[in-house]
Amino acid sequence: MNKKEIIFVLTCFTLGALFFALSTPFVVNTNWYLIVPAIFMLFIAQNIYLYVGTLRFTMRSFATQYLLLFMNPESIALITVLLIVLSTKNWNLYLKRVAFEVVQLGLGTLMYKLAPSDYLRLLFFSVGYYFANQILSFLSVLFLSQEVFLNHFERFFKSFAVTFGLGLYGAGILSTALLFEYANFVNMFVVTLLYAGYLFILIYTVKSEVWRMELDFEKEKLHWEVDHLKEVIEVHQEVENGLDINKAIGKMLAVACNVMGFEYALLNLFDFRERKVVRIANYGLPEEVFERLKVNRPSLTEALVLLQQRFDVGGAYFIPKGSVDLSDSYVYTPQEYVKVDVENAWDPEDLFLVPLLYRGKIVGYVSYDKPKTGLRPTKREVELAKFFSWQLMSLIQKSPLVYFVQKESIPHVGFAKFWEDVSKLISQEKSFVLILMDIDDFEEYNLRNGFKLGDELISTTEKFLSEVLENLGFYTFSGDEFLVCLHSNSKTDGLLLAERVMSELKARGFAVSLSSSVAKFPSDGSTVEELVEKLKVALRTVKKSGGGRAIGV
């Protein structure tokens, strides 16, 4: 629950408490033969829903009106608040629903007590209850998301007006019971039948209307999808006519969001050499947010945690709020968001990731956020998302970004051989020196000059080191890192060799420098893992101090 929601809930509780305080004396029924049926009726009613227009209501208010013929409103209010806990396991939703009911029942109770005669009490209660419902609903949407309120004001107003009218009409039917001179069984049975008949017709009519609206909605959605899917062909045609691939990818993301009904999308590719996630393109995100996400890149390990089988929803991945801990710097949570009060509602911290596949392997993903329906993705939306991932992948393969996906299948040449050779030396208990070398500021070089030139730099550096370190045990470690195994008893020999390599690099006019760390077996470690880990720690120290030099472990 965010700060706005907390303020709203506390305000509702305060206002409801004030209404009940003004309704004194506070009287509670203790007759068990009234309380038990009331609990049963309210429990059933809160699990029956009516969809009026674009909004959803429970039948609780109609059950409350009927019970007012036998009980006072304070008793019904207590039972209602206790029963709401059974309607949801989500405490945030529970507090919101209770806050609403406290205000609605509080104002209804106050109006009930202010009625000039017994014949008008039920009608006055209904006016107060439904009036509070309309005002609270308007204010909650306006307070939590002004944008949603303004865009859907007309539909909200119509739905609330219809509900208000239905509630007062039901109160009018029940008020006929108070016109009888005596409240005998026959009279109450007749009124109950009239009210039950009204509710039956109401539920049937509303459900029939919902079915019709759903059919119309499906037809409109199908036409909408067909119209926008034509844009997929148009994007590919524009690419053939010379449209910049990056712009084409942005257009395809826009089409995907429009068809599936999401407001934001973020396309990510895996950089397997750097073991990082690279943000490639987006739709709908503020520019400053996208720039922040490009800088704060999660590691490949953190990304793959999200793509677990337990989150699989038919080829895509839905990660509910709280399932995985993520750094706030890696994600963007939309603001001005109104959560729909249903069990399958989308939470602002939910994640919907659709993988990008290349030769059967995941090489990236598209993250979609803030669905316009406010609901979690359906099977239909999952299938559409997979279709658009295929379209995006086809565009990526026509662009320089294909560098990422092609690199995925290339292993780190020489590392397996390094492991084998060094393990053999350790088993023979022969002393040796290891040198770990790394290109300084390689990530910045990539961003400044492009990944293609970055790849060429690695190849050139590798070739240079192979020549300089010929017959000295040279291995490629990972990406821009290289290893040298020197058969020597002195760590100083390793430091001198590293300095000679850096000098030679500078003499040949390379635009980059190298940082190095040196370790000796067995004094600095007794296993390959221990030696490599110490080399990495020492190398990070060199990098932090500016790079361009060698350091011993």
When you measure from the side chain of [X] to the backbone of [Y], do you find a donor-acceptor pair of N or O atoms at a distance under 3.5 Å?
X	Y	result
Asn47	Ile44	no
Thr109	Leu105	yes
Asn268	Val277	no
Asn296	Lys294	no
Lys386	Gly314	yes

Lys398 vs Glu240, side chain to side chain contact (heavy atoms under 4.5 Å, CB included): CA-CA, chis, key distance, verdict: CA-CA 10 Å; Lys398 297 176 183 178; Glu240 295 295 326; 3.8 Å; yes
Side chain proximity check, [X] to [Y], heavy atoms < 4.5 angstrom:
X	Y	result
Val363	Leu357	no
Leu199	Phe62	yes
Val239	Ile245	yes
Thr58	Ile48	no
Lys321	Pro348	no
Leu136	Cys12	yes
Gln46	Met59	no
Leu395	His236	yes

Rounded at 0.5 Å granularity, tell me how far [atom1] in [X] sits from [atom2] in [Y].
X	Y	atom1	atom2	result
Phe311	Leu351	CZ	CG	9.0 Å
Leu392	Tyr365	CG	OH	14.5 Å
Gln104	Leu15	CD	CG	11.5 Å
Arg60	Met41	CZ	CE	14.5 Å
Leu42	Leu82	CG	CG	11.0 Å
Ile135	Leu107	CD1	CG	10.0 Å

Assert yes or no for the condition that the ring centre distance of [X] to [Y] is strictly below 6.0 Å.
X	Y	answer
Phe262	Tyr368	yes
Tyr198	Tyr169	yes
Trp346	Phe318	yes

Identify whether the distance between the nearest side-chain nitrogen and carboxylate oxygen of Glu238 and Lys251 falls below 4.0 Å. yes
Does the distance from a Lys or Arg side-chain N to an Asp or Glu carboxylate O, for Arg380 and Glu383, drop under 4.0 Å? no
Give me the atom names and distance for the closest heavy-atom approach of [X] to [Y].
X	Y	result
Ala316	Val382	CB-CG1, 4.0 Å
Tyr283	Asn258	OH-OD1, 3.9 Å
Ser389	Leu356	O-CD2, 3.5 Å
Gly16	Val102	CA-CG1, 3.6 Å
Val366	Ala265	CG1-CB, 4.4 Å
Ala77	Phe20	CB-CZ, 3.8 Å

Do the side-chain N and O atoms of [X] and [Y] include a donor-acceptor pair separated by under 3.5 angstrom?
X	Y	value
Ser515	Asp438	no
Gln65	Tyr195	yes
Tyr130	Ser61	yes

Got a sec: does the CZ of Phe131 have more than 12 other heavy atoms crowding it under 6.0 Å? no
Please evaluate residues Val255 and Phe388 with respect to the criterion side chain to side chain contact (heavy atoms under 4.5 Å, CB included), reporting the C-alpha separation (whole Å), side-chain torsions for both, the decisive distance (0.1 Å), and the verdict. CA-CA 9 Å; Val255 176; Phe388 280 108; 3.7 Å; yes
Test Leu293 against Leu285 for side chain to side chain contact (heavy atoms under 4.5 Å, CB included), laying out the working first. CA-CA 10 Å; Leu293 292 175; Leu285 292 176; 4.0 Å; yes
Run the side chain to side chain contact (heavy atoms under 4.5 Å, CB included) test on Asp369 and Phe352 for me, step by step, so that the C-alpha distance in whole Å, both residues' side-chain angles and the decisive distance to 0.1 Å come before the verdict. CA-CA 7 Å; Asp369 206 346; Phe352 178 45; over 6 Å; no
